[in-house]
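Only this structure's heavy atoms are used, side chains among them; waters, hydrogens and symmetry mates stay out. Within every chain, numbering begins at 1; the chains are lettered A, B, ... in the order of the sequence lines, protein sequences first and strands thereafter.
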There are 2 protein chains.
Amino acid sequence: MKITIRDVANAANVSPATVSRVINTPELVGEETKVKVQETIDKLGFSPNAIARGLSVQKTNTIGLIVPGISDFFFNELYVGIEEVARKNNMKVLLFDSQHSEYRVQEGLTFLKQHQVDGIIFTSRPITSDYDAILSRLDVPVVLALTQSYGTYPLKSFRVDDYKAAYDAVSYLISRGHQRIGMISGPTTDIIAGKTRLTGYKAALQQSSIPISDEAIEYGEFRFEDGYRAMARLLEKQSTNKLTAVFAASDEMAIGAMRCLHDKGIRVPDDISVMGFDDLRICQMSTPTLTTVAQPLKQIGEFAVSHLLKCMEDESTSIDNSIHYVSHHIVERESVRIIVPD
Amino acid sequence: MKITIRDVANAANVSPATVSRVINTPELVGEETKVKVQETIDKLGFSPNAIARGLSVQKTNTIGLIVPGISDFFFNELYVGIEEVARKNNMKVLLFDSQHSEYRVQEGLTFLKQHQVDGIIFTSRPITSDYDAILSRLDVPVVLALTQSYGTYPLKSFRVDDYKAAYDAVSYLISRGHQRIGMISGPTTDIIAGKTRLTGYKAALQQSSIPISDEAIEYGEFRFEDGYRAMARLLEKQSTNKLTAVFAASDEMAIGAMRCLHDKGIRVPDDISVMGFDDLRICQMSTPTLTTVAQPLKQIGEFAVSHLLKCMEDESTSIDNSIHYVSHHIVERESVRIIVPD
DNA sequence: CTGTTAGCGCTTTCAG
DNA sequence: CTGAAAGCGCTAACAG
């Protein structure tokens, strides 16, 4: 049932090599034979074995993608960018979900290595020196998306400037007259999406000489439920000195916070403004729609693949660990109101 | 740099076969050699080439997954189920996004065949006779998820009974006192998620002797924006005889519809009730939260893989085209109110 | 328990 | 322009 290149060769009275040529380098084959071979390929319904080819040419045309969790909403948008430029370059992508586990990340790296991927895109978790050994053994280019390297191993990364993005978000709030601004932060152990954004928040307040208070900060793991609960805690702590705005480190948490507010009968944005981070598709689905700072996820995916392809062609490209900051921007919707000073 | 099984064999003074054995069937190897080989594997950092192995054993431990679009929200939840049971059985999944294009589906099938996947899960688009040729040539088991086969090629499918689910949803609405119930349907060309659910809607109305009116039906492509626009159209047509409830063929459209209502100053559920289909995570994120009929997506994914694995072990399992209906259920949230008859 | 041999399906020199 | 032969890295009989 399984039909191979040899079968085609026999049927067409040529050698396997010739069949291979009409598939891969038809310009090297005489017109007549080309037609003849192509016909028998069609007739027999031959479809070349990509595995065998991969083994032979030592190249799989595959890029490996490690993501922290496929159920995170931002995955979809990132993937779209990655897949698109991969496909345009005849590359496929092999997906690995690390499920937010450090251990699984290691597994993923080994997995992708075993599958001879030609390059790897690593997302979301920061790379520490712990990975030096495994990375150097990998022998394929690796680029980072939405994260960066803190190890000694040089890795190019593509992401927004999370510090600046958070800073800008909070500055935006301040420009709208807000002074008592709370934050629902990611965990500070998450050095990028957690700690860095929190620092940006603090810096923006400081810049405007607004005192920073731990009372105004709560933490969550980026999910809707986390945002909901964090908001509830924030509310409890705020009995006397009420916040007029809350900045969340993810859209999901922002929407969770809005829901919490709603349940307590607090109106957004009338009583309190809410701002998110990411600009996922869900921002338009909440009521009110969510004002947020946008990360161009699709574009980041595109950049990452493009760079990877460059590295794969040209060995020398890979050895820098610069960060390519892709630009963020504020997307105004309905969840923030202007406070007029009285 | 690339280190092979032969390198390990040489370094450990054994044959490649022995190294292969300690990796795959350690029980067949003497304790001493096993230890020795394992040590040199570790020392050299050897990691077996899955491609070569695949070629040799004629099995890749991969299942191919064809989805209509990765940015559809339901993808994530389905994938979680698939990935989980795949992983537990040492299978990986190779993803292919058909991007809602018939042509890309064909490409996907060829792609997966070329990559020698051991089985295929096909989602969402109905299978017609057009696929008979390609499917029979595939030579690997195929199972359907969230769709079914209308061709002559026998294919087992796992999905909810969309007709019954829609019927139940609308009956639920009726039980809450609604009589003038509109529908935002998928396109009728989509035989499963479109036409079948619409039929369920009509049947439920009929059952309660409620007249069916085209005035009360609008169509969309399952997206938020489609729901929004469909609702707007529905509103225009309804100037005289107002609807008290709307049933949408997807959660996204339902949420879009609610947004439209919100923008027009119509309250949900006070003025009009809304019900969705799917029970995605976003249902809890809208305000009001969305009452819906749940498809157990994760479970469907699990079932599909499990069945596929069974087919792969036992050739005989595959040849039936039965439909395994997984049970749906209504999830009550806030978007439907009870109408007390006056 | 371990080594030898052949071969998975394809590509790629190297001749002709 | 085409064919023969070797080999990609691994596994699977088959001997021993």
Could you check A:Glu83, A:Glu84, A:Glu77 and say which one makes a salt bridge (charged side-chain N to carboxylate O under 4.0 Å, His left out) with A:Lys298?
A:Glu84
Using OP1 and OP2 only, check whether a side-chain N or O of A:Arg6 sits under 4.0 Å from C:dG9.
no
If only side-chain N and O atoms of B:Ser56 are considered, is one of them under 4.0 Å from the OP1 or OP2 phosphate oxygen of C:dC8?
no
Does any donor atom in the side chain of B:Ser101 or B:Ser98 lie under 3.5 Å from an acceptor atom in the other side chain?
no
Out of C:dG9, D:dC8, D:dT11, minimum distance to the side chain of A:Asn49 belongs to C:dG9
Using side-chain heavy atoms (C-beta onward) and a distance below 4.5 Å, is A:Ile134 in contact with A:Lys113?
no
Using whole Å, what does the distance between atom C1' of nucleotide D:dG7 and atom CD1 of B:Ile5 come to?
16 Å
Could you give the CZ-to-P distance, from B:Arg21 to D:dA12, as a whole number of Å?
10 Å
Atom pair distance, as rounded to whole Å: CD in A:Gln58 and P in D:dA6:
19 Å
Have a look at B:Val14 and say if it touches a base, only the backbone sugar-phosphate, or nothing, with a 4.0 Å heavy-atom cut-off.
sugar-phosphate
Salt-bridged, B:Lys34 to B:Glu31, with N to O below 4.0 Å?
yes
What's the CG-P distance between B:Asn24 and C:dT2, to the nearest Å?
15 Å
Under 4.0 Å, heavy atoms only, any strand: does A:Ile51 hit a base, just the sugar-phosphate, or nothing?
nothing
Options C:dC8, D:dT2, C:dC10, nucleotide nearest the side-chain atoms of A:Thr33:
D:dT2
Between A:Thr18 and D:dG3, is there a side-chain N or O to OP1/OP2 distance below 4.0 Å?
yes
Over how many whole Å does the gap from A:Lys113 atom NZ to D:dG9 atom C1' extend?
13 Å
Separation of D:dC10 C1' from B:Ile23 CD1 (nearest whole Å):
9 Å
Just how far, in rounded Å, is P of C:dC1 from NZ of B:Lys36?
15 Å
Between B:Ala52 and B:Glu32, which has a closest nucleotide on DNA chain C that is more 5'?
B:Glu32
B:Gln114 and A:Pro48, any side-chain heavy atoms less than 4.5 Å apart
yes
For B:Asp7 and D:dG9, give me the distance from atom CG to atom C1', rounded to whole Å.
10 Å
Starting at the 5' end of DNA chain D and moving along, which residue's nearest nucleotide shows up first, B:Leu55 or B:Ala17?
B:Leu55
Considering only heavy side-chain atoms of A:Thr4, the closest of C:dG9, C:dC1, D:dC8 is C:dG9
Per A:Val29 side chain, nearest of listed nucleotides D:dT2, D:dA12, C:dT12:
D:dT2
Is B:Gln116 near enough to C:dG9 that one of its side-chain N or O atoms lies under 4.0 angstrom from OP1 or OP2?
no
